Number of protein chains: 2
Amino acid sequence: MVEKTSKNSKVSLAQVARAAGVSKMTASRVLRDEGGYSEETRRRVMEQVDHLGYLPNRLATVFAGDQSSTFIGVSIPDLGNEVFAQVLEGIDRKLGTFGYQSVLGLTQHTLAEEENWIRTVLSWQPAGLILTGRYHSQRANDMLLNAGIPVIEIWDLNSSPLDMSVGINHFDSGFDMGRYLMACGYRNIGYVGTSHDTANAATERLTGFCKAVEGAGGHVVKQLCLHDTATYYPGFYGTEQLLAAASDVDCIHYQNDAMAFGGLQYCERRGLSIPEDIGIAGWGDLPIASVLKRRLTSCHISHLKLGQSAAEMMLARLSGEPVPKCLDIGFTLIPGSTVRNPDRGTA
Amino acid sequence: MVEKTSKNSKVSLAQVARAAGVSKMTASRVLRDEGGYSEETRRRVMEQVDHLGYLPNRLATVFAGDQSSTFIGVSIPDLGNEVFAQVLEGIDRKLGTFGYQSVLGLTQHTLAEEENWIRTVLSWQPAGLILTGRYHSQRANDMLLNAGIPVIEIWDLNSSPLDMSVGINHFDSGFDMGRYLMACGYRNIGYVGTSHDTANAATERLTGFCKAVEGAGGHVVKQLCLHDTATYYPGFYGTEQLLAAASDVDCIHYQNDAMAFGGLQYCERRGLSIPEDIGIAGWGDLPIASVLKRRLTSCHISHLKLGQSAAEMMLARLSGEPVPKCLDIGFTLIPGSTVRNPDRGTA
DNA sequence: AAGAATTAAGTTACCCGTAACGTAAACGTA
DNA sequence: TACGTTTACGTTACGGGTAACTTAATTCTT
């Protein structure tokens with residue numbers, strides 16, 4: 001199949017053509033199944049392709065400007081947060097089945113990293129970009145608008161996106177959770193999350209959450225872990241810190257379910273019973289929630305679907321189909337049983 | 001900064017050069033900081049670069065064969081498994097800081113997917129590849145050997161890799177766990193994991209595990225969830241199935257900590273106390289273990305470090321430094337307290 | 001059987017940068 | 001002053017494919 005001797009440098013179409021005794025163009029036509037060659041010629045070319053182990057150089061094709069590439073740049077804040085890992089999985093699986101490749105960028109929640117990554121990835125002539133979040137640096141915005149390729153901003157639904165947007169309204173989601181917890185009779189509510197320099201979706205949820213709680217006469221005590229990844233341990237120690245600073249909170253809402261689980265563990269270790277002594281509400285309905293004894297109060301989003309939808313939108317756009325500017329994939333509040341029942345009213 | 005009018009097609013170096021009143025070559029020299037131009041010329045060129053929003057087309061550079069690309073193909077089985085998400089994060093962060101980009105491929109644990117992905121990604125002339133696992137299809141092997149670029153097989157340490165290898169010896173890790181559980185006095189040991197068509201590291205751990213257990217007079221009952229991702233819920237119901245089929249197991253070892261946590265939750269719900277009624281041992285020392293009440297018996301691997309090491313090896317190799325063929329990053333057995341104490345011997 | 005149409009090719013030009021080489025002007029030196 | 005050197009450019013060629021065009025041979029049509 002493959003000549004061990006050709007290990008060094010790459011086999012070009014010209015070499016295949018020469019070996020098959022035809023012109024580059026004919027070999028190219030055979031490889032692209034374009035027609036206009038005899039069966040005998042096809043056979044001879046394919047024989048040499050096989051024999052020399054020829055792999056086409058897609059750079060040349062794209063470079064020639066005849067086609068666009070099959071790269072899609074995908075930027076994600078981090079992968080330690082299961083939420084984003086799932087979104088990425090949804091994106092890449094869908095793109096992969098249609099012959100596109102994700103070029104990854106982990107922005108670590110900073111706009112500067114994102115800007116650098118955008119600059120680099122654009123120089124590779126991607127077919128499109130999928131970015132997490134709606135906030136970008138000014139230069140990033142300029143580059144994106146100038147690039148002339150589809151750009152989808154995911155996660156954080158943006159009513160006036162650069163180009164397209166898929167996600168949910170985080171403010172509303174936070175607001176609904178706040179209203180629900182107030183309906184359950186809580187008044188002194190803690191929030192445990194992480195904090196980054198850049199405004200993000202979690203910030204918007206918190207804003208909505210506070211608005212709902214405070215609007216209904218409640219009070220929110222925040223505990224933000226600086227520059228941390230929103231996962232189990234920050235949830236655990238964030239809860240410890242919160243309770244040390246404000247021992248009278250009757251319910252804690254977390255940035256996501258992983259943090260909520262960390263908090264759950266802390267409370268259990270402290271001997272607090274859920275939801276009698278304290279209510280716990282997460283966000284995101286992560287897989288871990290599927291095995292807990294009590295259904296975790298949370299907010300469901302299909303992360304995989306979000307990723308897939310974004311990828312589908314990208315693919316549709318690339319094949320020239322009409323595509324909506326915004327796609328709201330929605331969320332569902334999960335009452336669960338780690339907070340009191342709303343029927344019982346103010347305990 | 002940017003002309004809104006240039007929105008349509010890309011600005012080329014030739015356009016910048018023309019606008020600045022110099023030749024392409026001079027503009028190229030300015031952009032590459034090569035010297036050989038006056039300060040006045042530099043200023044004029046940069047002014048136009050800024051004005052036209054010029055972004056270099058790296059395809060052209062690579063294509064010309066003067067440089068290699070900064071793509072590194074990275075294949076990972078799936079991202080639902082936290083382990084691989086962490087490895088990928090380690091890889092991409094390290095690569096990113098050195099100006100390289102990961103081109104992702106999710107192989108879904110199948111060699112056919114991997115082969116397709118390899119073919120595609122090679123056509124983009126990557127600077128190197130990082131693959132998960134040591135098993136590849138014959139055609140994939142041929143392509144990899146022929147590609148003439150660095151290839152690192154990670155996760156599963158391979159004493160005779162295609163090129164380079166970073167990971168741990170999974171057989172040994174399984175063996176050590178088996179020996180440890182036997183030392184704790186368990187004899188009838190369950191194993192809960194997932195099952196895929198392709199041989200993989202988990203299979204090797206299981207082999208080592210069985211060898212140790214059976215070699216010391218114990219017995220292993222396996223429960224493999226078909227085609228599932230190794231996460232919480234399969235751990236939960238896998239445990240249910242295992243206990244239904246073999247109620248006499250005194251200890252269960254899981255493919256990873258996420259599954260072990262699922263099992264832990266099932267046991268708790270069943271009213272089984274850990275480790276009195278049944279021992280639980282995971283693998284991987286995942287973040288969730290950091291907040292559990294009892295230290296989970298597990299096996300520690302630094303996933304992030306694994307990814308970073310692989311990336312470092314790749315970068316070193318690309319800059320021509322000598323690099324070892326194999327790098328064993330090691331593992332550490334974590335005794336934990338979800339199995340009996342080995343001192344007490346056979347209970 | 002002659003011209004038209006089709007088939008199976010080959011040839012040329014181009015995509016966008018950069019290496020390699022060429023050149024004119026300014027400068028340095030004996 | 002004459003010649004070598006440096007500076008600051010410009011020109012040409014190339015890489016690996018493909019679009020667009022050309023050409024030669026074969027087949028079809030009337």
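A note on names: the letters A, B, ... follow the listed sequences, proteins ahead of strands, and every chain is numbered from 1. Worth knowing before you read on, the calculation uses all heavy atoms, side chains too, and leaves out hydrogens, waters and symmetry mates. All of these numbers come straight from a predicted model, not from anything done at the bench.
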Closest to the B:Arg32 side chain, choosing from D:dC9, C:dA19, C:dG17: C:dA19

B:Asn81 and B:Thr229: side chain donor to acceptor below 3.5 Å: no

With distance as the sole criterion, is a donor-acceptor pair present between the side chains of A:Ser69 and A:Gln125 under 3.5 Å?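 The criterion, which ignores hydrogens and geometry beyond distance, is not satisfied for A:Gln125 and A:Ser69.
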
Output yes when at least one side-chain N/O atom of B:Ser28 is less than 4.0 Å from OP1 or OP2 of C:dT18, else no. yes

If you compare every side-chain N and O of B:Ser23 against the phosphate oxygens of D:dG10 (OP1, OP2), does one of them come in below 4.0 Å?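 It does, given that an N or O in the side chain of B:Ser23 lies less than 4.0 Å from OP1 or OP2 of D:dG10.
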
For A:Lys94, the option from A:Glu312, A:Glu89, A:Gln308 that meets side-chain hydrogen bond (donor to acceptor under 3.5 Å, both in side chains): A:Glu312

Between B:Tyr37 and B:Lys24, whichever has its closest DNA chain D nucleotide further toward 5' is B:Tyr37

Comparing nearest nucleotides in DNA chain D, the 5'-proximal residue of the pair B:Val22, A:Asn57 is B:Val22

To the nearest angstrom, how far is B:Met25 atom CE from C:dC16 atom P? 17 Å

Report which part of the nucleic acid A:Val62 touches: base, sugar-phosphate, or nothing (heavy-atom distance under 4.0 Å, all strands). nothing

Ignoring hydrogens and geometry beyond distance, is the side chain of B:Arg29 in donor-acceptor contact with the base of D:dG10 at under 3.5 Å?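 Yes, the side chain and the base share a sub-3.5 Å donor-acceptor pair.
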
Is the closest basic N to carboxylate O distance between B:Arg317 and B:Glu321 below 4.0 Å?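 No salt bridge links B:Arg317 with B:Glu321.
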
